[in-house]
Number of protein chains: 2
Amino acid sequence: MTEKQRLYKQSLMKHLYFKRELSCADLSSYTDKSLPYTAKALAELMEEGVVVESGHAHSTGGRRPQMYSLKPDIMFVVTVAMDQFITHVGILDMHNQYVGEVEKLELDLSDQNDSLNQLAQFLDGFITRSGIPKEKIAGIGIGMPGFVDATKGINYTFLQAGNDSIVSHIEKVTGLPVQIDNDSSLIALAELRLGAAREKKNAMVVNIGWGIGLGLVLNGSLFRGTNGFAGEFSHIPLFTNDKICNCGKMGCLETETSLLVIAEKAISGLNAGRASSMKNLSHNKVEDTFRVIMDAANKGDKYAVELISQAAYNIGRGVAILIHVLNPEQIVLSGRGALAGKIWLAPIQQALNEHCIPRIAENIEIMVSQLGYEAERLGAAALVMEHFDNIRPQRRSHKLLTA
Amino acid sequence: MTEKQRLYKQSLMKHLYFKRELSCADLSSYTDKSLPYTAKALAELMEEGVVVESGHAHSTGGRRPQMYSLKPDIMFVVTVAMDQFITHVGILDMHNQYVGEVEKLELDLSDQNDSLNQLAQFLDGFITRSGIPKEKIAGIGIGMPGFVDATKGINYTFLQAGNDSIVSHIEKVTGLPVQIDNDSSLIALAELRLGAAREKKNAMVVNIGWGIGLGLVLNGSLFRGTNGFAGEFSHIPLFTNDKICNCGKMGCLETETSLLVIAEKAISGLNAGRASSMKNLSHNKVEDTFRVIMDAANKGDKYAVELISQAAYNIGRGVAILIHVLNPEQIVLSGRGALAGKIWLAPIQQALNEHCIPRIAENIEIMVSQLGYEAERLGAAALVMEHFDNIRPQRRSHKLLTA
DNA sequence: GGAGTGTTTATAAAATATTTTAAAACTTCT
DNA sequence: AGAAGTTTTAAAATATTTTATAAACACTCC
């Protein structure tokens, strides 16, 4: 088998991973190769035990197509979803089902000490504990907040690795191929391949969290810009307020819209005597504080709704800019904030009505993500599979395709 | 010769058009085909008289490559650059040299009457007068302001064509393939293929004119969004002023930055007694008024410089947003405004310093276009050639490749 | 200032990849 | 039951790359 054919088969596997189940004709048109040619490759993959038949699909007026899917245990992906304090690690099979438990690692990203090595060691141990042989692991996908240069494998904000890159350090420790990217981009990737943005060509995925992240789907694929920094939505200069952002500048979108800002406004508002059902908010436990605010808003607490609406409206102003510049067909709200769902939707829509030229906004679909907390984890796995058909061969165990 | 080979040769021609002169090895790597294969196609193109040898290039350490270029008169492109009042029409050969004179047509775009048909008839007459047989014309490229849907061939702002599209109407009258796009996008295309953004993967081309246009180069090609509306920079909601924009909304970038606004500010400032060397500004002749302001600024008139600087700074704020969202490697200033050159540069840079996260802005190259008024015309020609390797065959005369 | 070494381009022949064509096998619709 | 549409398979034809070899040139070393 030549390199080229191997690559083609990997590309088929990639499509089968993302779409779960496809006919030979589907694969042929996705890969732009002729039917007989993909049929041949598919037959080989079945011979190798990688692909299995999975029944027949409905007829569309002719012979019913034989469907194919990946054998779920032919390969696995390690997914790592980090936030500032906690890292979730899991293993997914080729049907995106968890194998074993998702484990938590308490890792303070802003702690400059030894976090990277801690992570690497933990991952190596986790893989060993799982009992899955490394030859069957396609790679490790990592999502983290911060300024991530995905091509260099570096995070300029967290986990400094000295001279080494994050990617190469973990690759050395685990012996497996590693991919990293910014959390918002991975959420967008998950939506693109497995979620609301499937089949969309241009979509904006807004990640409402401690900052306001953005993942861009342009021309049907994830867009990362020149250095992988694209989507720094949180720090666009949109206000003429005097609030200093933690990026050092003033007037960033984040200074009026992030969950942190909402929490702080709530606390100072209550202290100033605003009437509300909310109680016991604390600066220290932002996570809890925010949950309380969300719950109150869901129950109709007027002040809580007002706080969220203000933030949402301002996010909407930012989204209006995106719409004018990029003319997307869909906006997906995602992240912690979006879990509260539709409270965000109306004020954002309101802002779009006020700030968008009607013709450019009229057909845009605005929705809340269904993937929830799974988004980043699925995105991390998707990141590995996204590269599966053009990964450097020496980085992949040879046994994967001959097992 | 099969369809596929014909397409491949057309793709070679396209590359030769844009790069002017290439070696066989260059073409092979641009098109991702093997050297012997492109050598064979190239030999055929030479046989057909389409391609000629054009000397040897310098050696890069080995045998000097034979260079090839298109025979300039093998084919021609009609370029049409429209603004609100005047339309410039010309014919370019395969070396981007004008054949005959550029002709002007006074055509008021906002006049709903019969402008489209007038244009179509004028173009047909122009082509006939040129003496070039239609079989040798690859197509007509048209750039115009407004909301252009390039795939549908419609302009929602100007030149309504009833049930018909602009493209199909002109195709019917002239019998030639027609492409249209928004003026700012064409300027960006010209910069990408023939100007400052050659070899760049991500660039923003800002078109400073009666509005502030934007052309986006993303992943090495022109980005148009879902409906071809991408780049509506002029109407992003960036200010909380009360000025009503001609789009009907308030706070658009255009309300503080367009050349029209600068002219109006200048007039009212002078009426209010501001000291300046500028004289005789008039609301009616904005074109002249703006020229006077530019000249004054170039000569150091303090008020003129101040007016332009304010506008430029605000454009810079908008560009800062683009930089955060799209992480480009280059910003090109273009259009009428940029003809005044470097007066704009400093305030824009100033705004970026204030509003951009340093790491994301530090390597961005900001420059003034060298193409000047030629940009849109070259872009219109480039638009035709951009589609040359995937145009529907029935839309092209058969003689082009067998002449 | 030539001989040797390494690099790049050019071309022909051989090998392989890929598509086209055609026919068979199903399914649905009428 | 027959017509029309769709998938599947096999054989033939074509497209494309690989391999091998030669030619042209730059650079270094003596």
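Below, chains carry the letters A, B, ... as their sequence lines are ordered, and counting in each starts from 1. Basis for what follows: all heavy atoms, side chains included, without hydrogens, waters or symmetry-related copies.
A straight line from NE2 of A:H58 to C1' of D:dG5 spans 18 Å, rounded to a whole angstrom. Rounding to whole angstrom units, CG of residue A:L7 and C1' of D:dT17 are separated by 15 Å. Between the CG atom of A:L27 and the P atom of D:dT7 there is a distance of 13 Å, given to the nearest Å. Rounded to a whole Å, the NZ atom of A:K33 is 15 Å from the C1' atom of C:dT20. Separating the OH atom of A:Y8 from the C1' atom of C:dT16 is a distance of 17 Å, rounded to the nearest angstrom. The distance between atom CG of A:L35 and atom P of C:dA22, rounded to the nearest whole Å, is 17 Å.
Scanning all heavy atoms of the two residues, the minimum distance from B:T79 to B:A381 falls at CG2-CB, 3.9 Å. Scanning both residues, A:L216 and A:A230, for their nearest heavy atoms gives CD1-CB, 4.3 Å. Pairing each heavy atom of B:Q179 with each of B:L383, the nearest pair is CB-CD2, 3.5 Å.
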Original post:
When you check every protein heavy atom under 4.0 Å of nucleotides 19-26 of chain D, what one-letter string (B, S, -) results, 5' to 3'?
Top reply: ----BBBS
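Checked against B:Y8 for a side-chain hydrogen bond (donor to acceptor under 3.5 Å, both in side chains), the options B:T31, B:D389, B:T38 give a single hit: B:T31.
Position along DNA chain C of the nearest nucleotide to B:M67 versus A:K40 favours B:M67 as the more 5'-ward residue.
Side-chain nitrogen and oxygen atoms of B:Q5 include at least one within less than 4.0 Å of the OP1 or OP2 phosphate oxygen of D:dA15.
Nucleic acid contact class of A:D32 (heavy atoms, under 4.0 Å, all strands): sugar-phosphate only.
Inspection of the B:D149 and B:T151 side chains reveals an N or O donor paired with an N or O acceptor under 3.5 Å.
Contacts classified as salt bridge (charged side-chain N to carboxylate O under 4.0 Å, His left out) and involving residues 15-36 of chain A (residues at least two apart or in different chains) are given here: A:K19-A:E199.
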